[in-house]
Amino acid sequence: MANAKVSPEELKELSEFWAEEGDALTIYVQVATPSELSHREERISAKEKIQQAMGSLKGKSAADRADVQRVLETIGAMKGNGGLAKVIFACHRKGVWREFDVAGAFAPRAEAGTAFALGPLLAQEQTKRYCIALADRNRARLLLLEAGAITEHSQLLDEEKEKIRTTGTSKSVHLERQKEEEARRHFQFLAEHLLHFYEHKDYDCLMIGCRDETWREIEAELHPELKRILVGRFVVDPGLATAEEIQEKAQAIVDGGDRKEEERLVERVVGGAASKGLGAVGLKDVMESLEKGEVRTLLLPAQNGQLEQSVSLCEHCGHLEAQELTKCSLCNGRMRRFAHAEEALLRHAVGRSIEIRRMHWTKLPAPDGIAAWLRFRAEVNTPQALAS
Ligand SMILES: [Zn+2]
């Protein structure tokens, strides 16, 4: 059975798994939900890609072939998988089969090696949840955008509205004024519930979709806390807009914000590295900073495994070495060689309160395409520290 979440304990256990024979199998596959008919082609190709990759892995032993067969059957039986990605770690020889259905965006991947490819999971960013409120003077709709998927939650508002309606409203005011007052109350009602949902941690950022002429009326009712988390507004007809149209407009705002934030971070890190400040660029310098405990945020390329150099990691103390060693030079523990530097670096980062960020818009400086934002810069370098 597939688990919905990978617990930190499971992640730790999987990260320590080692298969000397190179038969640790890793699969990441994601298919769109069946309702997304327009994406049918992508869905088929993601599945096919994995099936082809599995074919080329061609298990050497009967045990390998058993894993490949089981993966093919599992993927073959997948429909939409509820928009979730299927992640499988398997090693038939050692009796390991772990299957997860996880939220998030993952590139299709199938490979066999000495270790499981955990990069995509270890570097999984905390996805922000965007509440999208659509409103005109009569209507209000609520949608949630998370990890590229949109869902409608307007019934939450309708239910609340029903409670109020039964208590009745004053009918003494003039008709025109009454209409104004009703609109104001309607926006106030929406704003109050947006605040309520935010305070209950139902979402992280807010977006408003409305016609230009209603924006001022809505804005007037927003609590300062809501204005603080408001990341954008777009023009839409709240009654007619389809989920696809809303998602497209909202996603453009999300992407624009992410891109700016990312560009600022890279600029700061590259500038910091050049001035011997709070930045490190390139595998060698990043590894050195990791060893010294200086790293606040590790910046990685969007695609896992782009960093082709091998790196050794001590399974005991987490010491990193560019060269191939059997014994750790610090603690004498066993060193493991990872074909993808990223896998070693991310395992080192586990439990060290290091934030991991993948760059989706910005290229990190060549040739390694890796960088780090530092908390501080240690006064002495490692060889000096060891010599003293
Ligand atoms: Zn060690």
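What you see below is based on every heavy atom in this structure, not just the backbone, and it leaves out hydrogens, waters and symmetry mates. Every number for a ligand or one of its atoms is a count from 1 in the order of the listing.
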Could you pull out every donor-acceptor pair under 3.5 Å between side chains of residues 226-234 and any protein atom, sequence neighbours left out?
from : atom 1 : to   : atom 2 : distance (Å)
R228 : NE     : E225 : OE1    : 3.4
R228 : NH2    : Y198 : OH     : 3.3
R228 : NH2    : E225 : OE2    : 2.9
R233 : NH1    : D212 : OD1    : 3.3

| request: Please indicate how many protein N/O/S atoms are found closer than 2.8 Å to the Zn ion (ligand 1), with waters neither displayed nor included. | output: 4
| query | Looking at W18 versus F338, is the centre-to-centre ring distance below 6.0 Å? | reply | yes
| task | Give a yes-or-no answer on whether the side chains of E291 and H319 include a donor-acceptor pair shorter than 3.5 Å. | result | yes
So, the side chain of [X] versus the backbone of [Y]: is there a donor-acceptor pair under 3.5 Å, distance only?
X	Y	result
R347	S15	yes
D101	K86	no
R141	P238	yes

